[in-house]
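As a basis for the values below, the full set of heavy atoms in this structure was taken, side chains included, without hydrogen atoms, waters or symmetry mates.
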Amino acid sequence: MSVPNSTSLPRSNPISGDEALEFDGAPEILRAWGAGLTPDPDLTVSEWADRHRMLSGRASAEPGRYRTARTPYMGEIMDRLSPGDPTQRIVFMKAAQVGATEAGNNWIGFAIHQAPGPMLAVQPTVELAKRNSRQRIDPLIDESPELRERVKPARSRDAGNTMLSKEFAGGILIMTGANSAVGLRSTPARYIFLDEVDAYPASADEEGDPVTLAEARSLTFAHRRKVFLVSTPTIRGLSRIEREFEASDQRRYFVPCPHCGQEQWLKFERLRWQKGRPETAEYHCEGCDAAIAEHHKTTMLESGEWRATATAADPNTVGYHLSALYSPIGWLSWERIVRAWDAAQGSDDAIKAFRNTILGETWVETGEAPDWQRLYDQRERWKPGNVLAGGLFLTAGADVQKDRIEVDVWAWGRGLESWLVDHIVIEGGPDRHEAWGDLTDLLGRTWPHERGAHLKIARLAIDTGYEAPAVYGWARAQGFAQVAPVKGVEGFNRASPVSGPTYVDATEGGKRLRRGARLWTVAVSTFKAETYRFLRLERPTEEDMADGAAFSPGTVHLPHWVENEWLKQFVAEQLVTVRTKRGFARLEWQKLRERNEALDCRVYARAAAWIAGADRWPDEKWRDLEDQLGVADASADPAGQINRQAQASQGKRQSDWLGRRGGWF
């Protein structure tokens, strides 16, 4: 690859005084920034990796010297990151296990060794950034002598090498999370590595889109900047990486058929196998339809090349897409891909994961509202206010309206199977003192369980969208262990649909309390789509159940006493695709009718279950809860609280999911 004469490049690009003063250590950063304007080397990133990169046994399944030939398709992508290439933004929408992470690490190593300058590496969260630093960046430096001698050694009194900051001659590497606005605006950066952008929150500390905030740090470097956006995609219409890829020149990796020579990019629909025999998987050529065995893949990859399939909206951006069909032999085989596909059948979640992580494609979310009359016909008969045997703990969702507070109580079991236990309407809005008293009484109320126990509400999530100060004040008075004020935001976030808590100001007796309330943020689209998906699950017939069949995980059980109006509210929205002004697809929940309190209360109760930890409990905790319910004495009136303190005689903390005594988290 040719490199422009360094003398033709600008040697200065002044930084504003305000920008220089908005972070600590400005003089040091400015020196690094200035050094980043020195002439760049002739070496490309891939050449540097082949010459200097060593893979550690701590961080790689194939330790030893890095070889670009192992993943030939990564060569061009890495070289686009080289200073000699004029491209400013490189977009990579990809499957898992294709070598993207190591390519990004090669770029970091190259910058430290060959083209020093300020660099910002962003993970979805600060915690993931710390983990990546320990598991990836530290081994990258430790295993490469050229990097070890340039990065300051870690010392307790030296801030130059910390968990999230690595100083080196002429530059600095700052690592942060997309959930930290402070981290994203901490320093100007010539190089920006945005990893797994589809897992980023919609907003960083409510200051705006994390990608936009991060890219703003590179604007002072003009045409010498490099931005690398990498991610496995998620949901069609919401995926950041898909949106960026569609705005690019959409490059695909074309490989030749070993039989007829026709060049083509690999598609899953041309992978064929005998039913029930994944080991027979072969790829069929688009030209001659001949079967291509997987042992041909190595030669095909070596002879492949990237080709643009569209015209980029921005000439400074190139985009790449790659599925796991290209994964090198010894990593993810075609046989394993077929086995994963067969195993995913019958589960929307599993098929979504397959499309995202193996095909590197987005999932089309089905947001059509279920028919309320079908739900009416599926109602089950049990006594109002009772908890059936499968329900193991209770949560509630409260929706505050102008003239009432609506509360739905849900029981949850294994696999997030759920039962509507109670529907309560408290008359009077947030201005009526008695309404808050009635809501407080609900926190102490118990509901009888089929096995004899009495359960309290483990968590109540209450919406702060209407009269937030009143909600904060009431929640403070009850204690945040049992009550979780929530704020709904649009968008999908399956990895972390609930974030927080964050501290917000509250008012008590007319006095403002800084950081006086703890607020949870809920990606409501995630739980709405999940609820609709659960409502569409097939149910076993009476004959099936007589033969031992069980309800599928996630099944929603509705009682016979629920009214038509509630059912209509429960399915009052649908997910539709709308087009932005730039022509990109975007998913949006739209109301089919005005009232939707039942759906909102379900979302809040589901968020309460997530906050309580149900999505992350190991099997032993579920067994513990089942065991306690099985031996509960009705006269003991166990309360449904979680994680009580152990008895003093035991001298340790134990789990009591029914909470006969003690506290919450």
Exercise for the section: Of all the heavy-atom pairs spanning Ala115 and Pro83, show the shortest one and how long it is. Expected result: CB-CG, 3.9 Å

Problem - Derivation and outcome, salt bridge (charged side-chain N to carboxylate O under 4.0 Å, His left out), residues Arg277 and Glu335 - result: CA-CA 9 Å; Arg277 297 187 61 197; Glu335 176 185 343; over 6 Å; no

Fill in the blank from the handout: In terms of heavy-atom contacts, Phe168 and Gly117 come closest through CZ-O, 3.7 Å

Practice task
Answer yes or no: is there a donor N or O on one side and an acceptor on the other, between the side chain of Arg217 and the main chain of Leu120, under 3.5 Å?
Solution key: no

Exercise for the section: Could you tell me the separation between the CE atom of Met78 and the CD atom of Glu47, rounded to the nearest 0.5 Å? Expected result: 10.5 Å

Exercise for the section: Might you point out which heavy atoms bring Ile112 and Pro116 nearest each other, and give the distance in Å? Expected result: O-CB, 4.4 Å

Fill in the blank from the handout: Of all heavy-atom pairs linking Ile192 and Ala214, the shortest is CD1-O, 3.0 Å

Practice task
Taking Tyr66 for its side chain and Glu102 for its backbone only, find out whether a donor-acceptor pair lies under 3.5 Å.
Solution key: no

Handout entry: Steps toward salt bridge (charged side-chain N to carboxylate O under 4.0 Å, His left out) verdict (Arg148, Glu143)
Key = CA-CA 8 Å; Arg148 276 203 315 272; Glu143 298 297 325; over 6 Å; no

Practice task
Taking Ser165 for its side chain and Asn161 for its backbone only, find out whether a donor-acceptor pair lies under 3.5 Å.
Solution key: no

Practice task
Consider only side-chain N and O atoms of Ser239 and Asp198, and report whether a donor and an acceptor are under 3.5 Å apart.
Solution key: yes

Practice task
State, yes or no, whether a side-chain contact exists between Glu294 and Ser333 at a heavy-atom distance under 4.5 Å.
Solution key: yes

Handout entry: Backbone of Thr44 reached by a side-chain donor or acceptor of Ser82 within 3.5 Å
Key = no

Problem - Inter-residue atom distance Arg65.CZ - Ser144.OG, 0.5 Å rounding - result: 8.5 Å

Handout entry: Flag side-chain contact, heavy atom, 4.5 Å: Val524 against Trp589
Key = no

Exercise for the section: Look at the aromatic rings of Tyr73 and Tyr326 and report parallel, tilted or perpendicular, splitting at 30° and 60°. Expected result: perpendicular

Exercise for the section: Could you verify whether a donor N or O on one side chain and an acceptor N or O on the other, from Arg80 and Thr87, lie under 3.5 Å apart? Expected result: yes

Exercise for the section: Could you check if a side-chain atom of Val338 sits within less than 4.5 angstrom of a side-chain atom of Trp341, using non-hydrogen atoms only? Expected result: no

Practice task
Using a strict cut-off of less than 4.0 Å between a Lys/Arg side-chain nitrogen and an Asp/Glu carboxylate oxygen, indicate whether Arg251 and Glu305 qualify as a salt bridge.
Solution key: no

Problem - Arg131 atom CZ, neighbour heavy-atom count above 12 within 6.0 Å - result: no

Problem - Glu538 atom CD, over 12 foreign heavy atoms within 6.0 Å - result: no

Exercise for the section: Answer yes or no: is there a donor N or O on one side and an acceptor on the other, between the side chain of Lys130 and the main chain of Val126, under 3.5 Å? Expected result: no

Exercise for the section: Could you go through the salt bridge (charged side-chain N to carboxylate O under 4.0 Å, His left out) check for Arg240 and Asp209 one step at a time? Expected result: CA-CA 11 Å; Arg240 281 189 176 94; Asp209 174 49; 2.9 Å; yes

Practice task
I would like to know whether Ser303 and Val255 meet side chain to side chain contact (heavy atoms under 4.5 Å, CB included); could you show each step before the answer?
Solution key: CA-CA 6 Å; Ser303 304; Val255 294; over 6 Å; no

Problem - side chain to side chain contact (heavy atoms under 4.5 Å, CB included) assessment of Thr176 paired with Leu184 - result: CA-CA 7 Å; Thr176 190; Leu184 294 176; 4.0 Å; yes

Handout entry: Side-chain ion pair, Lys297 and Glu302, N-O less than 4.0 Å
Key = no

Exercise for the section: Would you check if Ile292 and Met300 make a side-chain contact, meaning some heavy-atom pair closer than 4.5 Å? Expected result: yes

Handout entry: Working for salt bridge (charged side-chain N to carboxylate O under 4.0 Å, His left out), residues Lys275 and Asp342
Key = CA-CA 10 Å; Lys275 186 175 182 179; Asp342 286 344; over 6 Å; no

Handout entry: Backbone of Met163 reached by a side-chain donor or acceptor of Ser133 within 3.5 Å
Key = yes

Handout entry: Side chain proximity check, Gln264 to Cys257, heavy atoms < 4.5 angstrom
Key = yes

Practice task
Spell out, as yes or no, whether a donor-acceptor pair under 3.5 Å connects the side chain of Tyr283 to the backbone of Ala290.
Solution key: no

Practice task
Measure from the side-chain N and O atoms of His296 to the backbone N and O of Pro258, and report whether any donor-acceptor pair falls under 3.5 Å.
Solution key: no

Practice task
Calculate, to the nearest 0.5 Å, the distance between atoms OG1 and CH2 belonging to Thr68 and Trp48 respectively.
Solution key: 11.0 Å

Exercise for the section: Take the angle between the ring planes of Tyr320 and Trp306 and call it parallel below 30°, perpendicular above 60°, tilted in between. Expected result: perpendicular

Practice task
Measure the CE-CE distance between Met119 and Met175 for me, rounded to the nearest 0.5 Å.
Solution key: 10.5 Å

Problem - Distance (rounded to the nearest 0.5 Å) between Phe228 CZ and Ile90 CD1 - result: 7.0 Å

Problem - Verdict with supporting geometry, Lys94 and Val230, side chain to side chain contact (heavy atoms under 4.5 Å, CB included) - result: CA-CA 8 Å; Lys94 51 84 180 180; Val230 182; 3.7 Å; yes

Fill in the blank from the handout: Taking every heavy atom of Pro72 against every heavy atom of Tyr253, the minimum-distance pair comes out as CB-OH, 3.8 Å

Problem - Within-4.5 Å side-chain heavy-atom neighbours: Val98 and Trp331 - result: no

Practice task
Check whether the side chains of Thr362 and Glu242 place a donor and an acceptor atom closer than 3.5 Å, and report yes or no.
Solution key: yes

Practice task
Establish, from distance only, whether the side-chain atoms of His52 and Glu146 form a donor-acceptor pair under 3.5 Å.
Solution key: yes

Exercise for the section: Take Val498 and Thr526 through the side chain to side chain contact (heavy atoms under 4.5 Å, CB included) test and state the conclusion after the steps. Expected result: CA-CA 10 Å; Val498 182; Thr526 302; over 6 Å; no

Practice task
Using only heavy-atom distances, determine whether the side chains of Asn106 and Arg53 contain a donor-acceptor pair under 3.5 Å.
Solution key: yes

Exercise for the section: Taking the side chain as every heavy atom from C-beta outward, state whether Leu81 and Tyr191 have any atom pair closer than 4.5 Å. Expected result: no

Problem - Side chains of Asn356 and Thr232, donor plus acceptor under 3.5 Å - result: no

Practice task
Can you label the angle between the Trp265 ring and the His321 ring as parallel, tilted or perpendicular, going by 30° and 60°?
Solution key: perpendicular

Problem - Check: Ser46 side chain, Asp79 main-chain N or O, donor-acceptor pair, under 3.5 Å - result: no

Practice task
Check step by step if ring pair (Phe, Tyr, Trp, His ring centres under 6.0 Å) holds for Phe268 and Phe354.
Solution key: CA-CA 11 Å; Phe268 179 63; Phe354 180 89; 5.3 Å; yes

Completion exercise
Closest heavy-atom pair, Arg225 versus Ser218, reported as atoms and distance to 0.1 Å, is NH1-OG, 2.9 Å

Practice task
Supply the atom-to-atom distance Ile108 CD1 to Phe193 CZ, rounded to the nearest 0.5 angstrom.
Solution key: 6.0 Å

Handout entry: Heavy-atom side-chain proximity of Arg136 to Thr101 below 4.5 angstrom
Key = yes

Problem - Expected output: side-chain Thr71 to main-chain Met74 donor-acceptor under 3.5 Å - result: no

